[in-house]
Amino acid sequence: MSRTELGVLISISLGIVFLILFIVSLGFVQLKKDLVNQHFVQGDLSNSLDSSSVKNYRPVYPKSRYITGIEFNMLTLKNICPGNGMEAPRSDNWTITWADDGNQYTAWGDGGGFGGTNDEGRVSMGVAKIEGNRNNYSGYNIWGGKNPISSEKPFGGKSYGIISIDGSLFMLRSGNGKTQQCYGMQELWKSRDHGESWKRTGVDWNFPFEENTGFFVPTFLQFGQDYKGARDEYVYIYAPDHTMSVDSLSKWDVNKPGRINLIRVPKQFIEKKSAYSYFAGADSNGKPIWSSKIEKRLPVFSDSENGVMRTSVIYNPGLKRYILTVQQVGRYKDLRGEKAHIGIYESTEPWGPWSTILFEHPWNIGDFPHLQNEKYPGDPKTVYWNFSPKWWYRNGRGFVMVYTGPGGDQWGSVEGTFTISGNRKK
């Protein structure tokens, strides 16, 4: 065999080897994709491939120069009410308000509430009462759940906004109990007997389920006991726009781009739909512009990179700051590369501008069991976080977060502290 023929044979052999390696690599990539999809379809998310490790999630708002840090003391975690020994496994959400009678009232979803389970007392939505202080409180089912005080049959849906105003409770209802219905129907309900019975107010918004047509999961801005600490005579509501879910299969996840709207209504006309107006930008002096036309609404919080979903907002009277907490990036621990994040932001005004206090994957927050942990009841996911309006301490530097956690379906409360700089300017 000549040298020329030998060279040709070697070149052909090398080409075949490289071709085989290329085909094998393509097969591995496809296998990885199939495994991720298989984990999702089967609901086994805790062991899914972590393709997000190459992503670098960052907040879009600048770091706060006033609230420079936040710390959660996981030793104070309470999943069992210290006062009456009640827990609420398999119930989620837990939006909370502080009423005129000194108690707090909270709405949960998909479970039996305090003393109930996923089977015993399960309702689509229920209301409970929290009596006591942050160290020794008790939980009681008022409306729905296992052994409730009320005999009224609860209606379906989910609530991420409940508030006490002048002795009455108002609750924002999203949907009728089916997940994607939360994108369509939004209603306001009222109770004159601390949650034992509920009546429609006639205030509602009904949107098509298509993307970029409306808002969903609205929540109230909390202002202390029975709304007595309000800045003015208006009630404020925040609601994310329905844009595009990061989960193209279930559709129920963080929406990108993320936009949160602000709605207000005079307190005395809260049951009159025509009295509601929408934030529509700011004038040359930075003062908010309000419009009665929903189509003219503009967001007060925008994050096209990380998106938004369920939100809570509260005024901290000690720190004189509005604190906005929101689900971002995704709601699961890790679903096809989208790792759930909690975003906490502050502002001196309800409409911003906002500064970042915390933007982090909750499985990395605090000592064990961390803020979220899939070894507790529920799937490895986040649901809802809000600060208790009653349990501030140390002049607002100390707080209690009421939330779904550490598991994906359970009552939880945990204390923490804000680190404050000496500079109150932004």
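What you see is a predicted model, and the numbers here were worked out from it, not measured in a lab. The residues of the chain are indexed from 1 along the displayed sequence.
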Q: Give a yes or no on whether the backbone of W391 and the side-chain of S388 come within a donor-acceptor separation of less than 3.5 Å.
A: yes
Q: How are the rings of Y160 and Y384 set to each other: parallel, tilted or perpendicular (split at 30° and 60°)?
A: tilted
Q: Should E360 and K339 count as an ion pair when the cut-off is N to O under 4.0 Å?
A: no
Q: For M244, look at atom CE and say whether over 12 heavy atoms of other residues, nucleotides or ligands are found less than 6.0 Å away.
A: no
Q: Is there a donor-acceptor contact under 3.5 Å from the side chain of D303 to the main chain of E305?
A: yes
Q: So, T97 versus Q222: side-chain donor-acceptor pair below 3.5 Å or not?
A: yes
Q: Is it the case that the side chains of H194 and N103 hold a donor-acceptor pair, with the cut-off being a distance below 3.5 Å and no angle test?
A: no
Q: Counting only heavy atoms not in D367, do more than 12 fall under 6.0 Å of its CG?
A: no
Q: Assess whether side-chain hydrogen bond (donor to acceptor under 3.5 Å, both in side chains) is satisfied between D283 and N285, documenting all intermediate values.
A: CA-CA 5 Å; D283 63 20; N285 295 317; 4.7 Å; no
Q: Output yes when R297 and D241 qualify as a salt bridge under the 4.0 Å nitrogen-oxygen rule, no when they do not.
A: yes
Q: Report the C-alpha separation of W385 and Q327 in whole Å, then their side-chain angles, then the decisive distance to 0.1 Å, and conclude whether the side-chain hydrogen bond (donor to acceptor under 3.5 Å, both in side chains) test is met.
A: CA-CA 8 Å; W385 308 279; Q327 283 178 299; over 6 Å; no
Q: Once you round to the nearest 0.5 Å, how far does CD of E87 lie from OG1 of T117?
A: 10.5 Å
Q: Please step through side-chain hydrogen bond (donor to acceptor under 3.5 Å, both in side chains) for the pair D226 and S164, ending with a clear verdict.
A: CA-CA 5 Å; D226 203 35; S164 178; 2.6 Å; yes
Q: Are any of the side-chain heavy atoms of N93 and K158 separated by less than 4.5 Å?
A: yes
Q: To the nearest 0.5 Å, how far apart are CH2 in W205 and CD1 in I294?
A: 8.0 Å
Q: Apply ring pair (Phe, Tyr, Trp, His ring centres under 6.0 Å) to the pair F155 and W189, showing each step before the final yes or no.
A: CA-CA 11 Å; F155 45 78; W189 290 67; 4.0 Å; yes
Q: List the steps and the verdict of side-chain hydrogen bond (donor to acceptor under 3.5 Å, both in side chains) for S138 and E131.
A: CA-CA 5 Å; S138 299; E131 293 183 353; 5.7 Å; no
Q: Taking atom OH of Y57 and atom NE2 of H341, what is their separation to the nearest 0.5 Å?
A: 6.5 Å
Q: Any donor and acceptor pair, going by atom type alone, linking the side chain of S191 with main-chain N or O of S197 inside 3.5 Å?
A: yes
Q: Ring centres under 6.0 Å, that's the criterion: do W351 and Y238 meet it?
A: no
Q: Flag the pair F399 / F72 as yes when their ring centroid distance falls below 6.0 Å, and as no otherwise.
A: yes
Q: Drop me the distance from Y234's OH to L221's CG, to the nearest 0.5 angstrom.
A: 14.5 Å
Q: Please check this pair: side chain of T243 against backbone of K256, looking for a donor-acceptor N/O pair closer than 3.5 Å.
A: yes
Q: Run the numbers on R90 and D119 for salt bridge (Lys or Arg N to Asp or Glu O under 4.0 Å), then give the verdict.
A: CA-CA 9 Å; R90 308 304 303 189; D119 299 313; over 6 Å; no
Q: For Y315 and F223, take the angle between the two ring planes, folded into 0 to 90°, and tell me which bin it lands in: parallel under 30, tilted 30 to 60, perpendicular over 60.
A: tilted
Q: Can you label the angle between the W411 ring and the Y137 ring as parallel, tilted or perpendicular, going by 30° and 60°?
A: perpendicular
Q: Considering residues, nucleotides and ligands other than E71, do more than 12 of their heavy atoms fall under 6.0 Å from its CD?
A: no
Q: Please lay out, stage by stage, how L169 and D193 fare under the test side chain to side chain contact (heavy atoms under 4.5 Å, CB included).
A: CA-CA 8 Å; L169 290 178; D193 51 14; over 6 Å; no
Q: Determine, for D247 against R336, whether the closest basic-nitrogen to carboxylate-oxygen distance falls under 4.0 angstrom.
A: yes
Q: The test is salt bridge (Lys or Arg N to Asp or Glu O under 4.0 Å); show your working for R122 and D110 and say whether it passes.
A: CA-CA 6 Å; R122 180 185 171 94; D110 293 337; 3.7 Å; yes
Q: Exactly one of W94, Y140, W108 should register a ring pair (Phe, Tyr, Trp, His ring centres under 6.0 Å) with F114. Which one does?
A: W94
Q: Taking T76 for the side chain and E415 for the main chain, is one N or O donor matched with an acceptor at less than 3.5 Å?
A: yes
Q: Side chain of T201, backbone of L188: donor and acceptor closer than 3.5 Å?
A: yes
Q: Can you label the angle between the W392 ring and the F418 ring as parallel, tilted or perpendicular, going by 30° and 60°?
A: tilted
Q: As a quick check of understanding, evaluate side chain to side chain contact (heavy atoms under 4.5 Å, CB included) for K333 and E374, giving each step before the final call.
A: CA-CA 8 Å; K333 179 181 180 182; E374 67 274 14; 2.9 Å; yes
Q: Are the aromatic ring centres of F359 and Y345 under 6.0 angstrom apart?
A: no
Q: Quick one: does E152's side chain have a donor or acceptor within less than 3.5 Å of a partner on W198's backbone?
A: yes
Q: How long is the span from the CD1 atom in I365 to the CD1 atom in I342, to the nearest 0.5 Å?
A: 5.5 Å
Q: Would you check if the side chain of N306 reaches a backbone N or O of V329 as a donor-acceptor pair within less than 3.5 Å?
A: no
Q: With distance as the sole test, does Y61 use its side chain to make a donor-acceptor pair with the main-chain N or O of S302 at under 3.5 Å?
A: yes
Q: With the side chain counted from C-beta on, respond yes when P148 and E196 share a heavy-atom pair under 4.5 Å apart, and no when they do not.
A: no
Q: Nearest 0.5 Å, what's the OH-CZ distance between Y236 and R231?
A: 5.0 Å
Q: Looking at F215 versus F207, is the centre-to-centre ring distance below 6.0 Å?
A: yes
Q: Do the side chains of D100 and K228 get close enough for a salt bridge, i.e. N-O under 4.0 angstrom?
A: no
Q: Looking at K273, I'd like to know if its NZ atom is crowded, meaning that more than 12 non-hydrogen atoms belonging to other residues, nucleotides or ligands lie closer than 6.0 Å.
A: yes
Q: Using distance alone, with no hydrogens and no angle criterion, decide if Q372 and T382 have a side-chain donor and acceptor under 3.5 Å apart.
A: no
Q: Parallel, tilted or perpendicular for W252 and Y183, by the 30°/60° rule?
A: perpendicular
Q: Please check: side-chain N/O of D409 versus main-chain N/O of S91, any donor-acceptor pairing under 3.5 Å?
A: no
Q: Dump the intermediate steps for side chain to side chain contact (heavy atoms under 4.5 Å, CB included) on I70 and I344, then the final yes or no.
A: CA-CA 9 Å; I70 184 172; I344 303 180; 3.9 Å; yes
Q: Decide salt bridge (Lys or Arg N to Asp or Glu O under 4.0 Å) for K190 and E271; before the verdict, give the C-alpha distance in whole Å, the side-chain angles of both, and the deciding distance to 0.1 Å.
A: CA-CA 9 Å; K190 180 179 182 180; E271 298 179 61; 2.8 Å; yes
Q: Is it true that N141 and N147 share a donor-acceptor pair across their side chains at a distance under 3.5 Å?
A: no
Q: Determine, step by step, whether F387 and V400 satisfy the side chain to side chain contact (heavy atoms under 4.5 Å, CB included) criterion, reporting the C-alpha distance in whole Å, the side-chain angles of both residues, the deciding distance to 0.1 Å, and the verdict.
A: CA-CA 6 Å; F387 293 98; V400 176; over 6 Å; no
